[in-house]
Amino acid sequence: MADGKPRFKPYTRPAGGWGSAAATAKVLLEQSVITKGSRALLAMNQPGGFKCPSCAFPDPHCRKTLEFCENGAKALAFEATKFRVTRDFFARHSVSDLMQQSDYWLEMQGRLSEPMRYDPATDHYVPCDWDTAFSIIARHLRCLETPNQAEFYTSGRTSNEAAFLYSVFVREFGTNNFPDCSNMCHEPTSRGLPHSIGVGKGTVVMDDFEHAQAIFVIGQNTGTNSPRMMTSLVEARRRGVPIVVVNPMPERALIRFTEPQDILQMATLGSTPIASEFVHIRIGGDLALFKGMMKVLFERAGKGERVLDEDFIRTHTTGLEQVRAEILSLQWPDIVAASGVSEEQIRRVAEIYIRSKATIICYGMGLTQHQEGSRLLQQLANLLLLRGNFGRPGAGISPIRGHSNVQGDRTVGIDEQPSDAYLNRLRDVFGFEPPREHGHHTVAALTAMENGSARVFVGMGGNFVRAVPDTERAYEAMRKLALTVAISTKLNRGHLVHGQEALILPVIARSEIIHTKAGEQFVTIEDSMSNVTASRGVLAPASPHLLTEIEVVCRMARATLPDSKIPWERYIDDYSLIRDKIAEVYPDIYTGFSEKIKNPSGFHLDIPARRLVWNTPNGKANFLLFPGLNPDTRVFDRDMLRLATVRSHDQFNTTIYSYNDRYRGVHNDRMVLFMNEDDRRQRGLDAGSRVSLETITDDGVLRRVDGLTVLDYPMPRGAVAGYYPELNPLLPLEYHDEISGTPAAKSIPVRIVAS
Ligand SMILES: Nc1nc2c(c(=O)[nH]1)N[C@H]1C(S)=C(S)[C@@H](COP(=O)(O)OP(=O)(O)OC[C@H]3O[C@@H](n4cnc5c(=O)[nH]c(N)nc54)[C@H](O)[C@@H]3O)O[C@H]1N2
Ligand SMILES: Nc1nc2c(c(=O)[nH]1)N[C@H]1C(S)=C(S)[C@@H](COP(=O)(O)OP(=O)(O)OC[C@H]3O[C@@H](n4cnc5c(=O)[nH]c(N)nc54)[C@H](O)[C@@H]3O)O[C@H]1N2
Ligand SMILES: [Mo]
């Protein structure tokens with residue numbers, strides 16, 4: 001538990017600044033990595049160094065000596081920590097004992113240091129040498145009735161090289177079951193945008209931020225989750241570029257920010273206002289906002305104003321008329337009610353959009369994690385297409401990805417719905433016939449585990465049971481498995497909720513040196529803007545017993561597929577051989593990989609939409625129809641509130657660094673419910689009272705979380721927020737986007753019940 005009394009005090013200063021510097025120093029001290037940590041910090045995101053293990057935002061131009069970022073430093077400190085989870089630790093604590101501990105406590109125990117196997121006789125993890133571990137995996141995988149009984153999860157810290165080999169191994173083994181953290185994250189981007197613009201990635205690069213005339217930041221807590229992006233926003237604001245922030249929570253860093261890189265600002269305690277326009281949207285109200293903006297454009301175009309880019313629309317797009325008709329049929333009172341935003345403000349925001357000749361729209365989980373997340377994003381694409389905001393400097397769509405290599409992993413084959421063209425190349429390059437049947441994403445994998453058709457789960461990083469919806473069901477599903485394998489760096493709940501047999505396989509982390517028989521190796525990652533860069537660790541590995549992720553994959557492959565013709569052993573030592581294979585399988589984007597990666601600032605993977613080439617079936621960018629104003633299924637209940645589950649400033653996904661959320665004024669507590677004061681009064685509740693939340697569903701299952709403290713917070717009416725993963729028990733597995741499978745973690749229908 002938190003070691004202090006819960007305290008709630010609104011935070012009124014700018015975000016960033018000295019508070020950030022102090023927090024960084026504190027965390028380095030706590031994890032006892034002051035000198036080692038500072039040395040590593042100097043190498044982070046520098047040419048020749050390693051890539052920050054935290055978020056996927058690109059480095060701002062590689063030009064600063066110390067790219068300061070509080071949350072990057074935290075991610076590093078917790079990776080470089082001096083604490084270790086040893087065999088003695090597991091001997092002291094049974095798994096049932098560990099299950100009683102909090103996620104925070106588990107994380108604080110430090111780095112995993114040797115492979116372990118679960119012993120059901122004693123309920124303890126016991127040491128297990130690597131060869132035994134691989135033979136256990138092989139035994140289980142080889143006795144399955146079909147390879148589709150195994151699920152191979154990936155979390156987005158895994159390098160391109162490791163993820164690529166993992167995807168080759170799993171396909172040679174015979175399945176496309178690739179549940180991925182991306183399935184809970186930016187999958188609506190990957191699945192929704194290709195129908196619109198022919199590519200499921202962003203079309204913006206760093207330079208575009210310097211040419212943009214307006215920037216939208218939608219559903220994203222930038223100062224906490226992609227802090228390096230703040231530098232671009234500060235610079236844009238100083239140039240007078242309007243920034244429109246759309247969020248149900250007035251996130252502090254998006255209101256006012258002190259740039260820790262700016263010595264003058266730091267010295268004078270100055271700060272920059274960020275949002276020139278803050279749109280206090282209802283949860284899920286974005287669809288109505290986008291449509292309202294489009295309505296303004298269509299209405300004004302109808303009066304003869306040149307607010308649409310007619311040339312662009314004529315040359316590059318189809319489908320405008322049906323979209324125009326739908327939008328013009330919508331009534332303003334409905335748009336205002338659904339968005340929670342006044343017509344006046346929607347017109348003002350539309351005006352900002354119209355005046356800008358180059359607009360970037362950035363977005364995060366506030367848009368993707370809805371029941372119709374993919375179609376919601378297609379409407380965002382419509383909005384951009386109307387003014388031709390593609391293929392010109394300073395314009396485009398910019399999904400801000402989560403994990404540092406989540407985009408790269410998908411590019412190199414972590415995909416449960418691979419195309420035939422890709423599978424053919426894989427066959428030609430590696431000489432085996434890959435499975436053609438599409439596999440499971442995260443929700444489907446969980447369903448298969450639940451109904452007993454899945455028998456083995458392998459997790460390449462991550463913390464599956466804690467990240468997925470319906471926590472109780474997920475625990476039960478996991479416990480039905482014959483074998484669970486966790487390839488990890490830190491202890492987490494996923495090691496404790498396990499199958500009949502279970503393995504923990506500890507690996508070398510991003511910040512650590514990889515030394516093989518062929519000498520020192522580096523890996524590569526792809527950031528949110530499709531730049532591929534090298535990452536070379538600088539710290540000694542946390543333990544001599546760790547393997548690289550690559551070696552784990554290769555030895556798992558060799559043990560499972562003894563007759564495989566693929567030279568797995570060679571890839572263990574020489575990563576350039578892996579890159580050569582990546583280049584062969586993806587000639588369009590990766591030709592010359594080994595040469596190009598010598599450039600210290602890496603290289604950009606082609607995004608056809610940037611060149612106005614549309615990889616859609618009709619070769620055009622498409623205006624797509626999504627009738628209505630609500631991206632979430634309607635459940636009717638008089639007392640319904642929409643719950644967004646969000647990250648605090650002191651966590652990385654399921655990893656909890658502390659119980660504080662500085663910018664939201666929360667200290668020593670994570671069981672809180674951010675709520676509008678009038679919603680609270682209407683329910684006869686006192687501020688600070690304890691309540692329970694129940695999910696509104698029609699499946700007859702009671703989903704309930706107790707012990708939440710109500711905080712008065714500037715939320716829109718009808719919207720509440722609380723923390724992930726504590727509130728995941730409230731999120732039904734079935735509440736997900738049909739197109740992408742992404743759970744609607746930002747819009748859970750709930751009601752408050754007395755505690
Ligand atoms: N330090 C740190 N960095 C991280 C992570 C971390 O946990 N810690 N996680 C990484 C990962 S995997 C990811 S995906 C990203 C996540 O980064 P973000 O996308 O910033 O993630 P969240 O904190 O989940 O919430 C996003 C925002 O959505 C808003 N929101 C909620 N509902 C709605 C809505 O209906 N409409 C709109 N417009 N906004 C809404 C919330 O108020 C919140 O500000 O960050 C990555 N970086
Ligand atoms: N309710 C709700 N649920 C959500 C979300 C939400 O906003 N709300 N967000 C969703 C999102 S966006 C995401 S991306 C998922 C995140 O889901 P995951 O990616 O599965 O979760 P993480 O917490 O990032 O995983 C942390 C674990 O990864 C391991 N790890 C760390 N670094 C490495 C490494 O270098 N190699 C290996 N092999 N292992 C490593 C450590 O053991 C650590 O405990 O959660 C999703 N779930
Ligand atoms: Mo994510």
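Just so you know, ligand 1 is whichever comes first in the structure, and atom 1 is the first atom listed for that ligand. In this text the structure is predicted, and so the values were computed from the model without any measurement.
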- Contacts of His736 that satisfy side-chain contact (heavy atoms from CB on, under 4.5 Å) - sequence neighbours left out: Val443, Glu738
- Note on the structure: Near Val507 (heavy-atom distance under 4.0 Å), the atoms of ligand 2 are 36 (N), 37 (C), 38 (N)
- Can you sort out which atoms of ligand 2 are near Asn492, meaning under 4.0 Å from one of its heavy atoms? 27 (C), 42 (O), 43 (C), 44 (O)
- Query: For Asn728, is at least one N or O under 3.5 Å away from an N or O on ligand 2?
  - Reply: yes
- Item | His403 ring center within less than 6.0 Å of Phe652 ring center | yes
- What residues form a salt bridge (Lys or Arg N to Asp or Glu O under 4.0 Å) with Arg510, not counting sequence neighbours? none
- When you look for protein heavy atoms under 4.0 Å from ligand 1, which residues do they belong to? Ser54, Cys55, Asn71, Cys185, Ile218, Gly219, Gln220, Asn221, Thr224, Asn225, Val246, Asn247, Pro248, Met249, Glu251, Ile281, Ile283, Gly284, Asp286, Gly364, Met365, Gly366, His370, Gly402, His403, Ala644, Val646, Arg647, Gln651, Phe652, Asn653, Lys746
- Query: Are His186 and Tyr363 an aromatic pair by the rule of ring centers under 6.0 Å?
  - Reply: yes
- Item | Asp661/Arg252 salt bridge by N-O under 4.0 Å criterion | no
- Can you sort out the partners of Asp470 under salt bridge (Lys or Arg N to Asp or Glu O under 4.0 Å), two or more places apart, ordered by chain and number? Arg473, Arg703
- Query: Would one find an N or O of Tyr153, backbone or side chain, under 3.5 Å from an N or O of ligand 2?
  - Reply: yes
- Looking only at heavy atoms, the pair that brings Arg84 and Ser113 closest together is CD-CB, 4.5 Å
- Item | Ring centres under 6.0 angstrom apart (Phe178, Phe152) | no
- Does the N or O separation between Glu79 and ligand 2 drop below 3.5 Å for any pair? no
- ligand 2 to Gly461, heavy atom cutoff 4.0 Å, flagged ligand atoms 37 (C), 38 (N), 39 (N)
- Centroid-to-centroid, Tyr657 to Phe78, below 6.0 Å? yes
